[in-house]
Amino acid sequence: MAKKKVLVTGGAGFIGGNFVQYMVKKYPQYDIYNLDLLTYAGDLMKHKEIESEENYHFVKADITDRETIIPLFENEKFDCVVHFAAESHVDRSITDPEIFVKTNVLGTQVLLDSAKQIGVSKFLHVSTDEVYGELDFDPNTFFTEDTPLQPNSPYSASKASSDLLVRAYHETFGLPINITRCSNNYGPFHFPEKLIPLTISRVLKDQKIPVYGDGKNIRDWLHVLDHCAAIDLVLHEGENGEVYNVGGHNECTNLEVVQTIISALGKSEELIEFVTDRLGHDKRYAIDPSKLEQLGWKPTYTFETGIAQTIQWYLDNKEWWEQIISGEYKNYFETQYTL
Ligand code: NAD
Ligand code: TYD
């Protein structure tokens, strides 16, 4: 019998990369296709361990390139699609919103057209809790799947737009879909422009840590492997057309996150530097994951266990992140911060 073909877009990035490795190892009976353009955020160094596995395949392509993507779907006849590829960094969306519209909105629409044309059995769109906007600091309020979409940044607006297109292809054309909306992920292979890997890599070099505003903004941290398990579950068991929120009930202020890392690495809080706040900085994100828990998902990491594992991973894998911070990223850092 032919193997099931699973297309993963953005599988050279942080979450998609972890998901590709998870799927290649867990499902030898599936062929996993990693489609990625290898932008600044994607690399194949992370896949050294799986690159020679029989069920792993890499395709370098741009999801916005209809002339390539449609024939690829026609030739390969993918059974299902798990769509991660995106521009994902809020700060970059503030300085250059256009690429976010192109990749996140147009790219998703090209994939939806391609999936519709060949009739996939599922199109799983990986989205974000940021599409719901922000919560205030009342600890009893959470995002549910019914919270209205009120994105505040160009990044979250582009993700919300793509969510609406996915919904529309389900309602109009009957495309089988799921949308997952997760909170902030952390873990191995997290690109060092994001708060946690940026802090770990800079603390290890005794460099200043830029904390936006007063550091009191709250994020709800989810270990990437818990996220992979959630996507696996929704891919196999998710009810057609449904949205699932994914979050681990791990709320921390940004300052707490930075202090935890500094303390774990035995360094001084003098490394913290409060800098000008991000424009339109969302105050708080917090997820109510009960719908997904009813489907059978439970996070295995607390923030304490997950951050300890992640710090250790960055200590053990300096070669990976050292290469990244010495490349194109260096120019980005110098334009973004004046530390
Ligand atoms: P990432 O930036 O680490 O990786 C994105 C990947 O997409 C990269 O490998 C990049 O090369 C690829 N890509 C970009 N443009 C492309 C194009 N035009 N064609 C093909 N590939 C392209 O992102 P991530 O943090 O792994 O996030 C993955 C998904 O999860 C995104 O859709 C993001 O919106 C969503 N998400 C992320 C988080 C988080 O905390 N990181 C939280 C919620 C949702
Ligand atoms: P980030 O990792 O960029 O994720 P997101 O914006 O998608 O939540 O940022 C997490 C939080 O950390 C966010 O509130 C902004 C803050 N932050 C800083 O304080 N300093 C930084 O240098 C960065 C990158 C983020």
Side-chain angles (χ1 to χ4, degrees), residues 8-20 34-44 46 59-65 68-69 82-94 99-100 102-104 106-108 110-111 125-131 134 152-153 155-156 158-160 162-163 180-187 189-199 202 208-224 227 231 245-247 252-255 257-258 272-278 280-285 287 333 336-337 339:
V8 179
T9 73
F14 163 46
I15 310 175
N18 277 281
F19 184 70
V20 161
N34 168 13
L35 184 154
D36 200 293
L37 182 59
L38 301 180
T39 67
Y40 81 92
D43 74 89
L44 295 177
K46 57 169 62 86
V59 184
K60 183 167 187 229
D62 181 346
I63 57 167
T64 69
D65 177 7
T68 303
I69 300 296
V82 185
H83 175 35
F84 294 92
E87 288 294 332
S88 70
H89 191 36
V90 173
D91 291 330
R92 289 184 190 249
S93 84
I94 294 168
I99 184 73
F100 284 72
K102 185 174 181 227
T103 302
N104 300 358
L106 178 64
T108 300
V110 168
L111 290 169
H125 177 62
V126 179
S127 189
T128 166
D129 60 356
E130 300 188 28
V131 298
E134 66 175 356
N152 292 322
S153 71
Y155 161 67
S156 53
S158 69
K159 290 297 289 186
S162 64
D163 287 19
T180 55
R181 296 188 178 130
C182 64
S183 56
N184 287 61
N185 282 219
Y186 68 102
F189 298 117
H190 202 181
F191 195 87
E193 68 187 349
K194 305 278 170 70
L195 180 68
I196 287 182
L198 178 138
T199 302
R202 290 184 67 81
K208 292 278 185 191
I209 313 304
V211 173
Y212 297 161
D214 58 10
K216 293 195 176 134
N217 302 59
I218 291 175
R219 297 296 182 261
D220 182 1
W221 293 97
L222 171 67
H223 193 278
V224 66
H227 188 197
I231 294 173
N245 284 351
V246 195
C252 301
T253 67
N254 294 334
L255 195 54
V257 168
V258 170
I272 295 172
E273 183 154 328
F274 291 96
V275 298
T276 312
D277 209 354
R278 173 187 278 174
H281 195 174
D282 285 337
K283 286 200 272 291
R284 173 172 167 257
Y285 305 141
I287 287 270
F333 193 90
Q336 178 70 18
Y337 301 94
L339 294 177

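As the structure is a prediction and not an experimental result, all values here were calculated from the model. Only this structure's heavy atoms are used, side chains among them; waters, hydrogens and symmetry mates stay out. Just follow the structure's listing: the first ligand is 1, and inside any ligand the first atom is 1.
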Task: Non-hydrogen atoms of Phe100 and Ser158 that approach each other most closely - done: O-CB, 3.6 Å
TODO: Indicate the atoms forming the closest heavy-atom contact of Thr103 with Thr64, along with that distance.
DONE: CA-CG2, 3.9 Å
Open item on the list: For Pro192 versus Pro197, what's the shortest heavy-atom pair and its separation?
Closed with: CA-CB, 3.8 Å
TODO: Look only at the side chain of Asn104 and the backbone of Glu87, and say whether a donor-acceptor pair between them is shorter than 3.5 Å.
DONE: yes
Open item on the list: Closer than 4.0 Å to some heavy atom of Pro210 - which atoms of ligand 2 meet that?
Closed with: 18 (C), 19 (O), 20 (N), 21 (C), 22 (O)
- [ ] Please check if the side chain of Glu134 supplies one atom and the backbone of Lys283 the other of a donor-acceptor pair under 3.5 Å.
- [x] yes
- [ ] Check ligand 1 against Lys159 and write out every atom of the ligand that is under 4.0 Å from a heavy-atom position of the residue.
- [x] 31 (C), 32 (O), 33 (C), 34 (O)
TODO: Give the numbers and elements of all ligand 2 atoms closer than 4.0 Å to a heavy atom of Glu130.
DONE: 5 (P), 7 (O), 8 (O)
Open item on the list: Quick check on contacts: which atoms of ligand 1 are under 4.0 angstrom from a heavy atom of Leu38?
Closed with: 11 (O)
- [ ] Give a yes/no on ligand 1: does Thr103 have at least one heavy atom closer than 4.0 angstrom to it?
- [x] yes
Open item on the list: Regarding atom 22 (C) of ligand 1: of the candidates Ala85, Gly42, Gly17, which has the closest heavy atom?
Closed with: Ala85
- [ ] Can you sort out which atoms of ligand 2 are near Lys194, meaning under 4.0 Å from one of its heavy atoms?
- [x] 2 (O)
Open item on the list: Check for me whether Phe191 has a heavy atom closer than 4.0 Å to any atom of ligand 1.
Closed with: no
Open item on the list: Judged on heavy-atom distance to atom 1 (P) of ligand 2, which of Arg278, Glu193, Arg202 sits nearest?
Closed with: Arg278
Task: atom 4 (O) of ligand 2: the protein heavy-atom neighbour that sits closest, reported with distance to 0.1 Å - done: Asn184 ND2, 3.3 Å
Task: Element-labelled atoms of ligand 1 that are located less than 4.0 Å from some non-hydrogen atom of Asn184 - done: 40 (O)
Task: Intermediate values then yes/no, side chain to side chain contact (heavy atoms under 4.5 Å, CB included), Phe189 and Val224 - done: CA-CA 10 Å; Phe189 298 117; Val224 66; over 6 Å; no
Open item on the list: Within ligand 2, which atoms have a heavy atom of Tyr337 less than 4.0 Å away?
Closed with: 21 (C), 22 (O), 23 (C), 24 (C)
TODO: Tell me which protein heavy atom sits closest to atom 31 (C) of ligand 1, plus the residue, atom name and distance to 0.1 Å.
DONE: Phe84 O, 3.1 Å
- [ ] Report yes if some N/O of Val90 lies less than 3.5 Å from some N/O of ligand 2; otherwise report no.
- [x] no
Open item on the list: If you measure every N or O of Trp221 against every N or O of ligand 2, does any of those distances drop under 3.5 Å?
Closed with: no
Open item on the list: Between Arg219 and Asp282, does the side chain to side chain contact (heavy atoms under 4.5 Å, CB included) criterion hold? Intermediate values first, please.
Closed with: CA-CA 9 Å; Arg219 297 296 182 261; Asp282 285 337; 4.0 Å; yes
- [ ] Kindly say whether Phe84 contributes a backbone atom to a donor-acceptor pair with the side chain of Thr9 at under 3.5 angstrom?
- [x] yes
Open item on the list: Is it the case that the side chain of Asp220 and the backbone of Gly247 share a donor-acceptor pair, with hydrogens and angles ignored and the cut-off at 3.5 Å?
Closed with: no
- [ ] Identify, for atom 21 (N) of ligand 1, the protein heavy atom at the shortest distance, and state residue, atom and that distance.
- [x] Leu37 N, 3.1 Å
TODO: Quick one: look up the protein heavy atom nearest atom 4 (O) of ligand 1 and list residue, atom name and how far away it is.
DONE: Gly13 CA, 3.4 Å
Open item on the list: For ligand 2 and Tyr285, I'd like to know whether there is a polar contact (N/O to N/O, distance under 3.5 Å).
Closed with: no
Open item on the list: Residue-level breakdown please: for Tyr155 versus ligand 1, do any non-hydrogen atoms fall below 4.0 Å on the side chain, on the backbone, on both, or on neither?
Closed with: side chain
TODO: Using atom types as modelled and distance alone, determine if a side-chain donor or acceptor of Arg202 lies under 3.5 Å from a backbone N or O of Lys208.
DONE: yes
Open item on the list: Run Tyr212 and Asn254 through side chain to side chain contact (heavy atoms under 4.5 Å, CB included) and show every step you take.
Closed with: CA-CA 9 Å; Tyr212 297 161; Asn254 294 334; 5.9 Å; no
TODO: Show which atoms of ligand 1 fall inside a sub-4.0 Å distance from at least one heavy-atom site of Val126.
DONE: 30 (O), 32 (O)
Task: Distance from atom 41 (N) of ligand 1 to nearest protein heavy atom, with residue and atom - done: Ile15 CD1, 3.6 Å
Task: atom 3 (O) of ligand 1: nearest protein contact (heavy atom, Å) - done: Phe14 N, 3.0 Å
Task: pair Asp91-Glu193: side-chain heavy atoms closer than 4.5 Å - done: no
Task: Asp129 and ligand 1 - part of the residue with a heavy-atom distance under 4.0 Å - done: neither
- [ ] Only heavy atoms count here, so choose which of Phe191, Tyr155, Phe274, Tyr212 is nearest to atom 21 (C) of ligand 2.
- [x] Tyr212
Task: Minimal non-hydrogen separation, Ser183 against Ile287, with atom names - done: CB-CG1, 3.8 Å
TODO: Indicate the atoms forming the closest heavy-atom contact of Lys159 with Ser127, along with that distance.
DONE: CE-CA, 3.9 Å
Task: Heavy atom of the protein closest to atom 2 (O) of ligand 2 (residue, atom name, distance) - done: Leu195 N, 2.9 Å
TODO: For atom 13 (C) of ligand 2, grab the closest protein heavy atom and report residue, atom and distance to one decimal in Å.
DONE: His281 NE2, 3.5 Å
- [ ] Give a yes/no verdict on whether any heavy atom in Cys182 is under 4.0 Å from an atom of ligand 1.
- [x] yes
TODO: Enumerate the atoms of ligand 1 whose separation from the nearest heavy atom of Thr128 is less than 4.0 angstrom.
DONE: 43 (C), 44 (C)
TODO: Step by step, work out the side chain to side chain contact (heavy atoms under 4.5 Å, CB included) result for Val131 and Thr128.
DONE: CA-CA 6 Å; Val131 298; Thr128 166; 4.1 Å; yes
Task: ligand 2 contacted by His89 (non-hydrogen, < 4.0 Å) - done: yes
Open item on the list: I'd like the name of whichever of Asp36, Ile63, Thr108 reaches closest to atom 9 (O) of ligand 1 through any heavy atom.
Closed with: Asp36
- [ ] Report yes or no: does a heavy atom of Ser183 sit under 4.0 Å from some atom of ligand 1?
- [x] yes
TODO: Could you tell me whether a side-chain N or O of Lys216 sits under 3.5 Å from a main-chain N or O of Leu255, the two making a donor and an acceptor?
DONE: no
Task: Side chain, backbone, both or neither: the part of His83 lying under 4.0 Å from ligand 1 by heavy atom - done: neither
- [ ] Give the numbers and elements of all ligand 2 atoms closer than 4.0 Å to a heavy atom of Arg219.
- [x] 8 (O), 13 (C), 14 (O)
Task: Close-contact set for ligand 2 against Val211 heavy atoms, below 4.0 Å - done: 19 (O)
Open item on the list: I want to confirm something. Looking only at heavy atoms, which of Ser88, Gly16, Gly10, Ala86 is nearest to atom 5 (C) of ligand 1?
Closed with: Ala86
Open item on the list: So which atom in Thr253 and which in Gly215 form the shortest heavy-atom distance, rounded to 0.1 Å?
Closed with: CB-O, 3.5 Å
Open item on the list: Side chain or backbone, does Asn254 bring an N or O within less than 3.5 Å of an N or O on ligand 2?
Closed with: yes
Open item on the list: Taking only non-hydrogen atoms of Ser127, do any sit less than 4.0 angstrom from ligand 1?
Closed with: yes
TODO: Provide the number and element of each atom of ligand 1 under 4.0 Å from a heavy atom of Asp62.
DONE: 17 (C), 18 (N), 19 (N)
Open item on the list: Suppose I only count heavy atoms of Ala61 and a 4.0 Å limit; which atoms of ligand 1 are within that range?
Closed with: 19 (N), 20 (C)
Open item on the list: Could you tell me, atom by atom, which parts of ligand 1 come under 4.0 Å of a heavy atom of Asn185?
Closed with: 39 (C), 40 (O)
